[in-house]
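Only heavy atoms go into these numbers, but all of them, side chains included; no hydrogens, no water, no symmetry mates.
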Amino acid sequence: MTKNQPAEGSHDAVHQVRLPLSKSTIDLVAGLIRQHRNRLGTRWRKLDAGSQAIVVLAVLRHDQRLADMAGGNAVSAPTVRRWATEVINLLSARAPRLDRALKKIAKKGGVAVLLDGALIRTRRRTGAENRKNYSGKHKAHGLLFLTLTDVKGNLIWISSARPGGSSEITGARHDKIAAHLREAGFGALADLGFVGLDDQPETDPVIITGRKATKNHKLTDAEKEANRLLNPNARPSSTASPTSSPGASSPRSA
């Protein structure tokens, strides 16, 4: 006789959620799972590849609890976690390397890219692990990603995830973005957060940024306009200081 039986008269409650995903996304994930199973020679799984894809996407996209998805599909929560990890690894393996991504754009005639950082907000973690994921810039917890896009805003490359409290320029140096751009013959536009990233700004510049105000140099109207163009989401301000946030200077025309 099993000990963990539900209370008498209780019934499973079932609810539905609407996933904002296209059929092509589900087919892509299901195809990756199917190929992975064929490589492993797996003969039997609790769910088919398509059903596993939907379960994993519900966890990743809709933040469904593991236990809830497990109970609704007659599997255990650790199994759902293993499925999610499996899909994450399959998707990450498809991510293009920085040098290959730049070469691909160069073949299409591209000459410049846009460099920026993005914070993907996450839940607050408990204990000491909470601190490193807190971004003082965004006043939120999350993971930091660096991105390269073409001039039309199409994503070319995205970095690995870093704690939200990490510095954008430190991450860019770690990924050797300036060196990869120079090798590919590309230039990049970036906001004030990347000032100083280019290690050869005088002899062979590849990263164009705005300019920060200092005690000995106040920004001219032309420099303020250049900063605004490089950071269109900047907040207007009548003054600028060395500790101003990127693009915080006045967007007055030159």
Side-chain angles (χ1 to χ4, degrees), residues 20 29 56-70 77-99 101-102 113-149 153 155-181 188-199 207 209-210 212 227 230-235 237 240-248:
V29 176
V56 172
L57 290 172
V59 173
L60 298 180
R61 184 64 179 85
H62 202 272
D63 201 21
Q64 290 282 45
R65 293 177 53 192
L66 298 178
D68 293 341
M69 296 306 299
T79 296
V80 176
R81 181 183 293 107
R82 177 172 54 81
W83 284 350
T85 302
E86 182 178 64
V87 169
I88 290 173
N89 291 335
L90 292 174
L91 290 173
S92 62
R94 290 173 50 87
R97 285 174 29 181
L98 178 54
D99 55 346
L102 292 175
V113 294
L114 307 178
L115 170 62
D116 200 3
L119 182 77
I120 306 301
R121 299 195 178 194
T122 61
R123 291 180 177 179
R124 178 175 179 175
R125 303 180 68 179
T126 58
E129 295 296 326
N130 163 62
R131 297 182 180 179
K132 62 182 181 181
N133 282 349
Y134 180 76
S135 170
K137 175 182 177 181
H138 297 277
K139 302 295 188 294
H141 294 81
L143 296 175
L144 175 67
F145 293 86
L146 298 179
T147 62
L148 288 179
T149 62
L155 184 64
I156 298 173
W157 171 83
I158 187 169
S159 71
S160 58
R162 293 184 172 87
S166 303
S167 167
E168 293 178 347
I169 191 171
T170 300
R173 286 170 176 161
H174 181 270
D175 291 331
K176 301 180 180 178
I177 290 180
H180 283 294
L181 289 171
L189 300 178
D191 61 28
L192 294 180
F194 294 94
V195 171
L197 175 60
D198 196 338
D199 53 355
I207 300 177
T209 63
K212 291 184 178 181
N227 286 351
L230 290 171
N231 187 10
N233 295 322
R235 296 179 180 178
S237 175
S241 65
T243 57
S244 296
S245 60

Determine whether more than 12 heavy atoms belonging to other residues, nucleotides or ligands lie under 6.0 Å from atom CZ of Arg61.
-> no
Count the heavy atoms of every other residue, nucleotide or ligand shown that sit under 6.0 Å from NE2 of His138, and state whether that count exceeds 12.
-> yes
For the residue pair His174 and Leu146, establish whether any side-chain heavy-atom pair is separated by less than 4.5 Å.
-> no
Does a side-chain heavy-atom distance below 4.5 Å link Leu115 with Leu181?
-> no
Please find the pair of heavy atoms, one from [X] and one from [Y], that lie closest to each other, and give the distance.
X      : Y      : result
Gly117 : Glu168 : CA-OE2, 3.6 Å
Leu119 : Leu144 : CD1-N, 4.2 Å
Gly164 : Ser135 : O-CB, 3.4 Å
Ala172 : Phe194 : CB-CE2, 4.1 Å

From [X] atom [atom1] to [Y] atom [atom2], the distance as rounded to the nearest 0.5 Å:
X      : Y      : atom1 : atom2 : value
Thr149 : Trp157 : OG1   : CH2   : 12.0 Å
Leu192 : Ile169 : CG    : CD1   : 11.0 Å
Ser167 : Arg173 : OG    : CZ    : 7.5 Å
Ile207 : Ile177 : CD1   : CD1   : 7.0 Å
Ile120 : Ile158 : CD1   : CD1   : 6.5 Å
Leu98  : Leu148 : CG    : CG    : 6.0 Å

The single option from His141, Arg131, Lys132 that satisfies side chain to side chain contact (heavy atoms under 4.5 Å, CB included) with Pro163 is Lys132
Would you say Asp191's side chain and Gly193's backbone share a donor-acceptor pair under 3.5 angstrom?
-> yes
